[in-house]
J.: 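This structure is in structure tokens; I'll ask about it shortly.
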Amino acid sequence: MDKLLRRVRMAEGMVARRAQRKNALLKRITERTQNKKNGEVFTEAIQQRKAAIEARNEDWMLGPLAPRRELGEITLSSGNYYGSVSPTRALLENEVSEEERKARVAWCGSPKFVCIAPGDRVVVIEGHHKDLIGTIEKLNTRNMTVEIQAEKLKTNTTVPNFMMEGSDKPVTQIYARLPISSVRLVHPLKDPQTGEYRDVIIRELRPRDIVHDRPTRTRSMRRFVPGENIIIPWPKQEPIKREDQPADTLRIDLDEKTYVPTLFRPPAPQQVLDELRNKYSIFRTRHTPEYIAQKEQEEQEKEAKKSAAKAMLTPVQEYNRKQRELRRARGQPVLTEEMLAKIGQVVARNKLGQQAGPQPKVKEETVAQIEKAVEQLSLGGEDATTTTSPEQPKV
């Protein structure tokens, strides 16, 4: 089972690394596409700026002879008529990254929980239309932009060719959109000193009491001013009028119970469950008891083979094993008084020989006794006897 679990972990790690590489590649492709589209908008702005500089110089140099650009069908290199911009630039339809979406709604929640809605009164805090107050008409959560109903925000836009008809003008006026980061909420609050209500600019909002209604698939929440704990009510929205269509499902058919689950039989045949769950998947971690018993038996058989291989020994290995067992059975050797005395004599004689120089040879009987004592110590008993080789040098 350990091998199976290790294989599952390796497969999960491999899939995670593959998904990480895929996400990184998709992110680079998305960024490249966004940069290309945004570059077209930037190029259009640069071309219009250059054209404005050239027109100003011509008006200065030619004076009364300067061309009436607003009358003729004079188009710029970007394809827009003089004094107009493209719909993409006016409506801010260029794609933005997820980081930029979060940055635009940082003051009013998050991209998932936006604390402003159509019908709110907002004030513009930056740009050419600074300090302009208006009502939000549309909210675009894809690019996090708002459309404010104000005459000052109307701009001339070149109508694309596929939208033009024979009698339509090539230039029309539409409401320009602004990013949410360029506006702030305006709401009347009670002054604690005077007790009068006056409009206040709310610079930060946060969501709270988020409730998800699963049957209706709707979400409700409240918004408040952090630090002040002031609840800001939502603007009143008109209910959506829905008309019944012939293809709509009747309520009586919708409420009818056509399936009653039971515990007496499985929801599907076992063969279908095996196909759905894929019991041969490399990522499977829950196994049946029979499969677990089979794998444990296979592991036991492998261990038995290893132990059988250990039993196959050469004669030398068998002899060494028996000798180790005998020494282990005898236990630790014990030195007698005679052995200790003889060892002390040998040590003392060696020390005296190193100090006084060469000494006369010791008798062969004494040397043999010392060697016999050393062999008994190495074998662990007095019964073990060995013979000294005749070629062994004498001390």
J.: Identify the two heavy atoms, one from Cys115 and one from Arg206, that lie closest to each other, and give their separation to 0.1 Å.
T.: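 Between these two residues, the closest heavy atoms are SG-C, 3.7 Å.
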J.: Let me confirm one number: the CG-OH distance from Leu313 to Tyr319, rounded to the nearest 0.5 Å.
T.: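 Reported value, rounded in 0.5 Å steps: 15.5 Å.
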J.: Would one find more than 12 heavy atoms of other residues, nucleotides or ligands at under 6.0 Å from atom CE of Met221?
T.: yes
J.: Can you name the closest pair of heavy atoms from Glu95 and Asn143 and give their distance?
T.: CA-OD1, 4.3 Å
J.: Hey, mind stepping through Met339 and Lys342 against side-chain contact (heavy atoms from CB on, under 4.5 Å) and telling me if it holds?
T.: CA-CA 5 Å; Met339 294 180 183; Lys342 291 178 182 180; 5.9 Å; no
J.: When you compare the side chain of Val105 with that of Arg101, does any pair of heavy atoms fall below 4.5 Å?
T.: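 Counting from C-beta outward, Arg101 and Val105 never come under 4.5 Å.
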J.: For Gln245, does its backbone N or O pair with a side-chain atom of Asp248 as donor and acceptor, under 3.5 Å?
T.: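 A pair under 3.5 Å: yes.
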J.: Is it true that atom CD of Gln237 has more than 12 heavy atoms of other residues, nucleotides or ligands lying nearer than 6.0 Å?
T.: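 Yes, enclosed.
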J.: To the nearest 0.5 angstrom, please state how far the CD1 atom of Ile232 sits from the CG atom of Asp120.
T.: 9.5 Å
J.: Using a strict cut-off of less than 4.0 Å between a Lys/Arg side-chain nitrogen and an Asp/Glu carboxylate oxygen, indicate whether Arg321 and Glu318 qualify as a salt bridge.
T.: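 The answer is no: the pair does not qualify as a salt bridge.
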J.: Rounded to the nearest 0.5 Å, how far does CG of Leu153 lie from NE2 of His128?
T.: 12.0 Å
J.: Do Ile230 and Trp234 sit in one hydrophobic cluster, given that two such residues count as connected whenever their side-chain heavy atoms are within less than 4.5 Å of each other, even indirectly?
T.: no
J.: Might you confirm whether atom OH of Tyr259 has over 12 heavy atoms from other residues, nucleotides or ligands at distances under 6.0 Å?
T.: yes
J.: Atom CD of residue position Gln317 - does it have more than 12 heavy atoms of other residues, nucleotides or ligands inside 6.0 Å?
T.: yes
J.: Quick check on the hydrophobic clustering: are Trp107 and Leu92 connected, directly or via other members, by side-chain heavy-atom contacts under 4.5 Å?
T.: no
J.: Would Glu100 and Arg104 satisfy salt bridge (Lys or Arg N to Asp or Glu O under 4.0 Å), going step by step from the backbone distance to the final call?
T.: CA-CA 6 Å; Glu100 190 171 354; Arg104 289 185 175 184; 3.1 Å; yes
J.: Please lay out, stage by stage, how Val146 and Ile116 fare under the test side-chain contact (heavy atoms from CB on, under 4.5 Å).
T.: CA-CA 10 Å; Val146 292; Ile116 60 174; 4.2 Å; yes
J.: Side chains of Glu93 and Thr88: is there a donor and an acceptor less than 3.5 Å apart?
T.: no
J.: Nearest 0.5 Å, please: how far is NE2 in His212 from OG1 in Thr218?
T.: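 NE2 of His212 is found 10.0 Å from OG1 of Thr218.
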J.: For residues 279-289, which side-chain donor-acceptor pairs fall under 3.5 Å, sequence neighbours excluded?
T.:
unit_1, atom_1, unit_2, atom_2, d
Ser281, OG, Phe283, N, 3.2
Arg284, NE, Arg286, O, 2.6
Arg284, NH1, Lys279, O, 3.1
Arg284, NH2, Arg286, O, 3.4
Thr288, OG1, Tyr291, N, 3.4

J.: Let me know which of Gln48, Lys50, Glu44, Arg49 forms a side chain to side chain contact (heavy atoms under 4.5 Å, CB included) with Ile46.
T.: Lys50
J.: Quick check on the hydrophobic clustering: are Ile125 and Val200 connected, directly or via other members, by side-chain heavy-atom contacts under 4.5 Å?
T.: no
J.: Should Tyr175 and Glu137 count as side-chain neighbours, where that means a heavy-atom distance under 4.5 Å?
T.: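 Side chain of Tyr175 against side chain of Glu137, heavy atoms only: no contact under 4.5 Å found.
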J.: So do Asp199 and Ile133 actually touch side chain to side chain, heavy atoms under 4.5 Å?
T.: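 Side-chain contact under 4.5 Å: no.
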J.: Go through the steps to decide whether Glu325 and Lys322 satisfy the test salt bridge (Lys or Arg N to Asp or Glu O under 4.0 Å), and finish with yes or no.
T.: CA-CA 5 Å; Glu325 292 177 354; Lys322 290 181 180 180; over 6 Å; no
J.: May I have the step-by-step check of side-chain contact (heavy atoms from CB on, under 4.5 Å) for Val225 and Leu205, ending in yes or no?
T.: CA-CA 5 Å; Val225 181; Leu205 286 172; 4.2 Å; yes
J.: Could I get the full list of side chain to side chain contact (heavy atoms under 4.5 Å, CB included) partners for Leu250, not counting sequence neighbours?
T.: Ile252, Asp253
J.: Nearest 0.5 angstrom please: Asn38 CG to Ser97 OG, how far?
T.: 9.0 Å
J.: Side chains of Thr33 and Lys36, heavy atoms from C-beta outward: is any pair under 4.5 Å?
T.: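 A side-chain contact under 4.5 Å is absent here.
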J.: Report, as yes or no, whether the 6.0 Å neighbourhood of atom CD on Glu98 holds more than 12 heavy atoms from other residues, nucleotides or ligands.
T.: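 Yes - once you tally the heavy atoms of other residues, nucleotides and ligands closer than 6.0 Å, there are more than 12.
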J.: So which heavy atom on Gly109 is nearest to which on Pro207, and how close?
T.: CA-CD, 4.1 Å
J.: What's the verdict on side-chain contact (heavy atoms from CB on, under 4.5 Å) for Ile148 and Val124, showing C-alpha distance, side-chain angles and the deciding distance?
T.: CA-CA 10 Å; Ile148 303 174; Val124 182; 4.2 Å; yes
J.: With a 4.0 Å cut-off, would you call Glu243 and Lys241 a salt bridge?
T.: no
J.: So how far is it from Arg28 CZ to Glu31 CD, rounded to the nearest 0.5 Å?
T.: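 Here the interatomic distance stands at 9.0 Å.
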J.: Do Lys112 and Arg219 have side chains that approach each other closer than 4.5 Å (heavy atoms only, starting at C-beta)?
T.: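 Yes, close enough: below the 4.5 Å cut-off.
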J.: Can you confirm whether more than 12 heavy atoms, excluding those of Arg208, are under 6.0 Å from its CZ atom?
T.: yes
J.: Is it possible for you to say whether Val183 and Leu139 belong to one hydrophobic cluster, with membership spreading through side-chain heavy-atom contacts below 4.5 Å?
T.: yes
J.: Are Val122 and Ile202 in one and the same hydrophobic cluster, where Ile, Leu, Val, Met, Phe, Trp and Tyr link if side-chain heavy atoms are under 4.5 Å apart?
T.: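 Both belong to a single hydrophobic cluster.
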J.: Does the side chain of Asp213 come within less than 4.5 Å of Ser220's, by heavy atoms?
T.: no
J.: Report yes if the side chains of Arg223 and Leu185 come closer than 4.5 Å at any heavy-atom pair, otherwise no.
T.: yes
J.: Determine the minimum heavy-atom distance between Ile136 and Lys138, stating which atoms define it.
T.: CG2-O, 3.5 Å
J.: Could Lys295 and Glu298 be called an ion pair, given the rule that one side-chain N must be under 4.0 Å from one carboxylate O?
T.: yes
J.: State, with a plain yes or no, whether a side-chain heavy atom of Thr158 is found less than 4.5 Å away from one of Arg89.
T.: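 The answer is no; the side chains never approach within 4.5 Å.
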J.: Search all heavy atoms of Ala90 against all heavy atoms of Val85 and return the closest pair with its distance.
T.: CB-CG2, 3.9 Å
J.: Indicate the atoms forming the closest heavy-atom contact of Pro111 with Met144, along with that distance.
T.: CA-CE, 3.6 Å
